[in-house]
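Being a predicted model, the structure only gives us computed values, none of them experimental.
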Amino acid sequence: MIRFIDLFAGTGGIRLGFQQALDTLQIKYECVKSAEIDLRACETYKSNFNENAFCDVHDLNQIAPFDVLLAGFPCQSFSYAGKQKGFADTRGTLFFEVERIIAKYKPRLCLLENVRGLTTHDTGRTFQTILDKWHELGY
């Protein structure tokens, strides 16, 4: 049994792909926590998974044990289509909430999704900061 959390869940795209892969491999799973603050996305998430995902990641302090962290942290700060403010944009700092949760719970696997501009933002320094944080956490 694989237990997972779904952060910045949106309408559940990352979760759907993850569950489909587990279904193909005939691996049982359970989502122990979902978190999303966009109310419209939460409506679709509920329709897709029959779960209320409304939750702010800042408020996640007690989570049931889990093996895998899924997160599609906000991309507007890094995207070519956005203002590219990176960590100077509060949405960009939400990566550090993912880091906080990983540090506390030490999942076996973390799957993060973001945009093409993440690796080249600020001439690669933003992505290097993320990689440095992963290494500090032992990943």
Side-chain angles (χ1 to χ4, degrees):
M1 168 75 76
I2 292 179
R3 290 175 175 81
F4 66 93
I5 63 172
D6 188 12
L7 306 180
F8 313 103
T11 60
I14 296 173
R15 175 180 175 170
L16 181 62
F18 184 68
Q19 288 183 177
Q20 288 174 341
L22 294 176
D23 286 340
T24 298
L25 297 170
Q26 298 180 344
I27 297 172
K28 294 183 182 198
Y29 54 84
E30 175 187 9
C31 181
V32 299
K33 186 65 182 172
S34 302
E36 175 57 54
I37 62 168
D38 183 292
L39 291 174
R40 289 188 182 181
C42 287
E43 289 173 14
T44 303
Y45 197 92
K46 180 148 179 80
S47 178
N48 288 338
F49 301 104
N50 199 29
E51 292 177 20
N52 180 5
F54 187 74
C55 176
D56 189 325
V57 295
H58 294 97
D59 299 331
L60 288 177
N61 295 309
Q62 297 293 4
I63 306 172
F66 62 93
D67 308 295
V68 178
L69 176 142
L70 306 176
F73 64 99
C75 61
Q76 299 93 330
S77 306
F78 313 109
S79 170
Y80 294 135
K83 295 184 180 175
Q84 300 181 14
K85 291 185 177 181
F87 297 134
D89 181 336
T90 55
R91 294 172 296 189
T93 63
L94 289 170
F95 164 77
F96 298 108
E97 287 300 308
V98 174
E99 176 194 16
R100 174 185 66 83
I101 291 167
I102 291 169
K104 182 174 181 178
Y105 294 95
K106 303 283 191 222
R108 294 177 65 194
L109 176 71
C110 302
L111 176 65
L112 277 68
E113 180 268 341
N114 211 275
V115 293
R116 181 174 167 214
L118 179 65
T119 59
T120 56
H121 180 266
D122 194 17
T123 62
R125 287 191 286 269
T126 298
F127 191 62
Q128 188 60 53
T129 296
I130 291 171
L131 291 177
D132 291 345
K133 295 295 180 184
W134 283 118
H135 287 92
E136 288 172 21
L137 293 168
Y139 287 84

Membership question, hydrophobic clusters at under 4.5 Å side-chain separation (ILVMFWY): are [Y] and [X] in the same one?
{"X": "Leu137", "Y": "Phe127", "value": "yes"}
{"X": "Leu25", "Y": "Leu111", "value": "yes"}
{"X": "Val68", "Y": "Leu16", "value": "no"}

Original post:
What distance do Ile2 atom CD1 and Leu22 atom CG have between them, rounded to the nearest 0.5 Å?
Top reply: 5.0 Å

Original post:
Got a second to check how far Asn52's CG is from Glu36's CD, nearest 0.5 Å?
Top reply: 11.0 Å

Subject >> Sequence neighbours excluded - side chain to side chain donor-acceptor pair (under 3.5 Å) pairs with any residue from residues 130-139 >> reply: Gln128-Asp132

**OP:** Could you name each residue pair satisfying side chain to side chain donor-acceptor pair (under 3.5 Å) that touches residues 7-18, not counting sequence neighbours?
**Re:** Arg15-Gln19, Arg15-Tyr45, Arg15-Glu51

Original post:
For Glu30, which residues count as a side chain to side chain contact (heavy atoms under 4.5 Å, CB included) partner, sequence neighbours excluded?
Top reply: Met1, Arg3, Val32

**OP:** Name all residues meeting the side chain to side chain contact (heavy atoms under 4.5 Å, CB included) criterion together with Leu69; count only those two or more places apart in sequence or in a different chain, and write none if there are none.
**Re:** Ile5, Leu7, Phe66, Ala71, Val98, Ile101, Ile102, Pro107, Cys110, Leu112

**OP:** Ignoring hydrogens and angles, tell me if any N or O in the side chain of Lys28 forms a donor-acceptor pair with the backbone of Asp23 under 3.5 Å.
**Re:** no

Original post:
Is Asp38 reaching over with its side chain to a backbone N or O of Ala41, donor-acceptor style, under 3.5 angstrom?
Top reply: yes

**OP:** Let me see the working for Glu97 and Arg100 under salt bridge (charged side-chain N to carboxylate O under 4.0 Å, His left out), right down to the final yes or no.
**Re:** CA-CA 5 Å; Glu97 287 300 308; Arg100 174 185 66 83; 2.9 Å; yes

Subject >> Heavy-atom pair of closest approach, residues Asn61 and Tyr105 >> reply: O-OH, 2.9 Å

**OP:** Looking only at non-hydrogen atoms, find the nearest pair between Ala35 and Leu60 and report the distance.
**Re:** CB-CD1, 4.1 Å

Original post:
Step by step, would you call Cys55 with Lys33 a side-chain contact (heavy atoms from CB on, under 4.5 Å)?
Top reply: CA-CA 9 Å; Cys55 176; Lys33 186 65 182 172; 3.8 Å; yes

Original post:
With sequence neighbours left out, what residues match Asp59 under side chain to side chain donor-acceptor pair (under 3.5 Å)?
Top reply: none

Original post:
CD1 of Ile37: more than 12 outside heavy atoms within 6.0 angstrom?
Top reply: no

Subject >> Qualifying residues under ring pair (Phe, Tyr, Trp, His ring centres under 6.0 Å), relative to Phe18, sequence neighbours excluded >> reply: Phe4

